[in-house]
Amino acid sequence: MARLSLGIQMNAWFETYMFILIPLSLVLGVLCSPLLIEHVSLVPWLFGLVTFVMGLGCGWKDIVAAFRRPLLFLIVFVMTHLVAPLMAYGFGAVLFGSDSSYTIGLVLFAVIPLGISSVLWVEMARGAVPIMLALVVVDSLLSPIVVPLSLSLLYDQSIPFDGWTMLLDLLLIIVMPTLAGIVVHEWTRGQAKPRMAPVLLPLSKLAFVGVVLLNAAAIGPFVRTWDTEAFIVFAAVCGLVAAFYALGHVTERLWSPASSPPQYTLGFASGMRNISLGLVLALQHFGAETAVAVVLAILIQQPGATIYHWLIRRRQRVIAGNLN
């Protein structure tokens, strides 16, 4: 029992300090690039472990539940894969030009699937965790079609990338491990993740940190050449992340009470992306310069979620005070 307790405590510690660990891993990866760069080939395996553990927490009934609220799913899909990429394209086109590697990076950041960490934040905000998890899983399963298609529609033939190779990569590093997790979930009747949680949960957090660390090592040589333009990219990513959170929050508030989505779901769904996946795709298909926006998003996304959560809690206290 002591070992089980230790594993759960380690996982809780990782979740509490992840917003600090990820930026630190990014910096450490860049600084230790010469030592770590030869291990970058491990990234797909580490990422596969993260997505497998995500799938373990979701069954087919959860997937079906997401489609039982088709309007919610449609709204999330439109926000994250239509409106958000257009916003990113507009931001980038104005600041850097439509075909700039920085703009491609902003668009890539916008079109990648929902981030698994959004489930954690929805839980802390006392939102609907099962529905958020189902949305993340379904969006991840659709990513081999959505991501290449979105980039092709926005850029046609103006940027060189192999959509079929990207589709295959997404199948291998996110869809297959997720499906494997779902199959194990069903086979064990949902008991696999609770029983293996003391080992798998902290291990998946370590794998997530490892993905960031090794990808940062891969772009280390390029980061050392950054100039003042990188600060403009940083400001653009800050503005974009804030705009995504605002888009989700405003959309949620506009719904009628009778058909309202699970509280606080749309804000985190719209604001958070699977950045580690974006970093893998940027480096494998576009190059280090395109990865700049994705790298900077790592520094912004978790602190942004922290701020949004603080605003939610503040609003909850105000409402509770008014009711009393």
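Keep in mind it's a predicted model, so treat the numbers as computed, not measured.
- Side-chain contact between Leu86 and Leu154 is present, with at least one heavy-atom pair separated by less than 4.5 Å.
- Nearest approach of Tyr89 to Thr103, heavy atoms of both residues: O-CG2, 4.1 Å.
- Both Leu21 and Val30 sit in one connected hydrophobic cluster of ILVMFWY residues. Membership requires side-chain heavy atoms under 4.5 Å apart, directly or through other members.
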Please set out all donor-acceptor pairs under 3.5 angstrom arising from side-chain atoms of residues 74-85, sequence neighbours excluded.
unit_1, atom_1, unit_2, atom_2, d
Thr80, OG1, Val76, O, 2.7
His81, ND1, Val111, O, 3.2
His81, NE2, Asp139, OD1, 2.7
His81, NE2, Asp139, OD2, 3.2

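- Listed by chain and residue number, Tyr308 satisfy the ring pair (Phe, Tyr, Trp, His ring centres under 6.0 Å) test with Tyr245 (two or more places apart in sequence, or in another chain).
- Follow the hydrophobic side-chain contacts under 4.5 Å out from Leu28 and you reach Val211 in the same cluster.
- Counting only residues at least two apart or in different chains, side chain to side chain donor-acceptor pair (under 3.5 Å) contacts with residues 20-40 are absent.
- Across all their heavy atoms, Val50 and Ala207 have their closest contact at CG2-CB, 3.9 Å.
- Residue Leu24 is grouped with residue Leu36 when hydrophobic side chains (ILVMFWY) are merged at heavy-atom distances under 4.5 angstrom, including chains of intermediate members.
- Within the 4.5 Å cutoff, no side-chain heavy atoms of Leu200 are placed close to those of Lys193.
- No continuous path of ILVMFWY side-chain contacts below 4.5 Å connects Leu240 to Val94, so the two sit in separate hydrophobic clusters.
- Minimum heavy-atom separation, Phe109 to Ala297: CE1-CB, 3.7 Å.
- Under the 4.5 Å side-chain contact rule for hydrophobic residues, Ile145 and Leu153 do not share a cluster.
- Leu206 CG to Leu213 CG: the interatomic distance, rounded to the nearest 0.5 Å, is 11.0 Å.
- Grouping Ile, Leu, Val, Met, Phe, Trp and Tyr by side-chain contacts under 4.5 Å, direct or through others, leaves Leu35 on its own.
- Here the shortest heavy-atom pairing between Tyr102 and Ala293 reads O-CB, 4.3 Å.
- Side chain of Ser270 to backbone of Leu266: no donor-acceptor contact under 3.5 angstrom is found.
- In this structure, Phe52 has no ring pair (Phe, Tyr, Trp, His ring centres under 6.0 Å) partners at least two apart in sequence or on a different chain.
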Inset, instruction - Go through Leu247 and Met87 one step at a time and tell me if the side-chain contact (heavy atoms from CB on, under 4.5 Å) criterion holds. - result: CA-CA 11 Å; Leu247 173 66; Met87 290 170 65; 4.2 Å; yes

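- Residues passing the ring pair (Phe, Tyr, Trp, His ring centres under 6.0 Å) test with Trp13, sequence neighbours excluded: Tyr17.
- For the pair Phe73 and Leu135, the minimum side-chain heavy-atom distance is below 4.5 Å.
- Residue Ile37 comes nearest to Ala217 through the heavy atom pair CD1-O, 3.8 Å, listed as atom of the first residue, atom of the second, then distance.
- Summarising the geometry of Ala236 relative to Leu106, their closest heavy-atom pair is CB-CD1, 4.4 Å, with the distance given to 0.1 Å.
- The CD1 atom of Ile182 sits 5.5 Å away from the CG atom of Leu141 when rounded to the nearest 0.5 Å.
- Taken to the nearest 0.5 Å, the CG atom of Leu149 stands 12.5 Å off from the OG atom of Ser143.
- With a 4.5 Å cut-off on side-chain heavy atoms, Leu46 and Leu49 do not count as touching.
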Inset, instruction - Decide yes or no on side-chain contact (heavy atoms from CB on, under 4.5 Å) for Val53 and Phe208, but give the supporting numbers first. - result: CA-CA 11 Å; Val53 174; Phe208 182 71; over 6 Å; no

